[in-house]
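Take a look at the structure set out below.
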Amino acid sequence: MTAFRKLLIAVTGLACSFSLGCGGGSSSKTNVITQSGSNVAPIVVNAGPANSYANGAFASVTVCVPGTSTCQTIDGVLVDTGSSGLRIVSSALTTVALPQQKASDGNPVAECLQFLGSYTWGPVQTADVQIAGEKASAMPIQVLSDTDFTAPNACSNGLPSANTVANLGANGILGIGNAAQDCGDSSGCGLYYECASTGSCTTTGEAVAQQVVNPVALFTTDNNGVIVELPAVSGSEATVNGSLVFGIGTQSNNGLSGATVYTIDPTFSFNVEYNGTTYGGSFIDSGSNGYFFLDSSIVPALLDCSSTSGASGFYCPTSTQNLSATNKGINGASGTVNFSIANAETLFNNLNATAFSQLGGPSIISGSGPAYFDWGLPFFYGHNVYVSIEGTTAPGGTTPYWAY
Amino acid sequence: MAKQDGSSIQLKMLVMAAALVTVATAAPAWGSLGGDAASVQADQIQLQGTRTLKAAGSYTVHEIQAANGTVVREYVSAAGKVFAIAWHGPWIPDMRQLLGSYFDQYAQANQAQRGARMRRAPILINQPGLVVQVGGHPRAFAGTAYVPEMLPSGVSAENIQ
């Protein structure tokens, strides 16, 4: 550790001693869900528009042809703090035709974004976007479509497409993570393509201002982040209602309220200590449908579900396991989280339930950015989670950060 | 990030000089996992990367630093075969390139992974003849792939990182 880093930690520690929330342990207080305000949009955890989701939170988004009142409100859009950018399945855009973004040579621009287990592909188009009372003008979004242009092999990359409502399980993705754009530099990150009239698409650079953008970053106000607010879920529930609050410390209803700020690194990761091991590259992500982490020490308590069961990829312990882990921000903030993992096969047998507070599964064994701890949507039940956007100013710490 | 310090840049420049020599030598075979050591060069060219070699007992690790920040490590046995690959970077690399002849098995396994409930979770493929794991999130993905039957004796999955 460098002397400078030591100094930083010492200073942070000092700052923490004057702050109530800093370094706080696990919290058992009930979170309060903000009900009203022009910066507040309702969200709901349910099975989603394809009637298939476990632990998916959905919002409504209004998209308009830029500068017009030709608009459509699309519900069932997945609230994803693990990505940035608005993506709408083309079949859900039934009453508006959005203008196509074009490269300098006039060719249309398309985008490919690979997630875990699927990819999204389709044209970049421009829309005015409205959520609650917040508006972003002439914003690049991705329209998901298998047919507008043919996805290159490099895009599918061995993954199935998530370009239909059935395959995505949602009408779109509302990416409101720590990144302002999905790429963030003019290289295009290999995500952007130009499609020639022959139909073939090749990767291209893309100016940052033309990239698919976190809508919050383009709002005229309340544009430094969001708070995802969902109540505690006891076991499993059919429907859970909550709020998505825009802005952090910009209105009377979106202050930190004693939440502990965990600053994160440029890859939007912090450390999680679990069972004596520190997992770097860890993150909080409303778009993950469970707690994902590796536990080799108490196997066979956390058995993987059978690969032939509908719960493949989740944990199926023989009895519910009560566990805890400690989050550690880059700023030295630290806090313990208690959580439980139940048998996913048993959970999924409750066909009415869509919100599962005890759903978890294994993460990967990998070095270099090794096995990580992913606090998925179950973490959000009972925590108001603040997600600040890189390059903005927000109370309580240097952005980007998470706070809860 | 701390990784981008001066020493790594110097190292990169040294490696680049070495890489130029390597690139000029052989006609690269396509595909890496299960391929011979020459296929590592194909990956290096495709990734526009620089390469370093590290000996580790019964095998050699070829580390490719791609221009976009992705780091790929290819594990080559004493017999000259790539038996494992580990990578991390901001985006998922070209799996067709890295998995070579194992790509189709990977793609089919991904198609089959859909369960009863919609899932956004790590890729964990554990089949006879192929283990692949992919995890992370945009700007920080990581993964490994190996052929269990090809692991040199005394080498386990934990060595591949």
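Below, read A as the first sequence line, B as the second, and so on, with proteins coming before strands; counting in each chain starts at 1.
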Item to check | Donor-acceptor contact below 3.5 Å, side chain B/Arg139 vs main chain A/Cys183 | outcome: yes
Checklist entry - Between atom CH2 of B/Trp91 and atom CG of A/Asn157, what is the distance when rounded to the nearest 0.5 Å? => result 13.5 Å
Checklist entry - Which bit of A/Asp374 comes within less than 4.5 Å of chain B, counting heavy atoms only: side chain, backbone, both or neither? => result neither
Checklist outcome for this item: Rounded to the nearest 0.5 angstrom, the CD-OG distance for B/Gln111 and A/Ser161 is 9.0 Å
Item to check | CD1 on B/Ile92 to CZ on A/Phe115, rounded to 0.5 Å | outcome: 10.0 Å
Checklist outcome for this item: Bottom line for A/Tyr53: the part with an atom under 4.5 Å from chain B's heavy atoms is both
Next on the checklist: Which atoms of B/Pro93 are under 4.5 Å from chain A, going by heavy atoms: the side chain, the backbone, both sets, or neither?
Outcome noted: backbone
Checklist entry - Does B/Pro122 reach the side chain of A/Tyr372, with side-chain heavy atoms less than 4.5 Å apart? => result yes
Checklist entry - Would you say A/Leu159 and B/Tyr106 make side-chain contact, with heavy atoms under 4.5 Å? => result yes
Item to check | Portion of A/Asn153 that has a non-hydrogen atom of chain B nearer than 4.5 angstrom | outcome: both
Item to check | Approximate separation, where rounding is to 0.5 Å, of A/Ser288 OG and B/His137 NE2 | outcome: 9.0 Å
Checklist outcome for this item: Max heavy-atom pairs within cutoff under 4.5 Å with chain B, candidates A/Gly56, A/Ala170, A/Gly287, goes to A/Gly287
Item to check | For chain B, the option from A/Gly82, A/Ala154, A/Gly169, A/Cys189 that forms the most heavy-atom pairs under 4.5 Å | outcome: A/Cys189
Checklist entry - Which atoms of A/Phe283 come close to chain B, meaning under 4.5 Å heavy atom to heavy atom: side chain ones, backbone ones, both, or neither? => result side chain
Item to check | Proximal component of A/Phe356, with respect to chain B [non-hydrogen, under 4.5 Å] | outcome: side chain
Item to check | Which portion of A/Asp285 sits near chain B, non-hydrogen atoms under 4.5 angstrom | outcome: neither
Next on the checklist: Can you tell me which portion of A/Ser187 sits under 4.5 Å from chain B's heavy atoms? Options are side chain, backbone, both or neither.
Outcome noted: neither
Item to check | Per-residue contact mode, B/Leu124 against chain A (heavy atom under 4.5 angstrom) | outcome: side chain
Checklist entry - How about B/Thr144 and A/Ile364: do any of their side-chain heavy atoms sit closer than 4.5 Å? => result no
Item to check | B/Arg120/A/Asp80 ion pair, N-O < 4.0 Å | outcome: yes
Item to check | Rounded distance (nearest 0.5 Å) linking atom OG of A/Ser156 with atom CG of B/Asn110 | outcome: 10.5 Å
Item to check | Closest heavy-atom pair and its distance - A/Leu116, B/Phe141 | outcome: CD2-CE2, 3.7 Å
Checklist entry - If contact means a heavy atom pair closer than 4.5 Å, which residues of residues 74-82 of chain B contact chain A? => result none
Checklist outcome for this item: Looking only at A/Gly184, A/Pro362, A/Ser269, the option with the highest number of non-hydrogen pairs under 4.5 Å against chain B is A/Pro362
Checklist outcome for this item: Among A/Thr354, A/Asn55, A/Asn289, the residue with the most heavy-atom pairs under 4.5 Å to chain B is A/Asn289
Item to check | Part of A/Leu78 within contact of chain B (heavy atom distance under 4.5 Å) | outcome: side chain
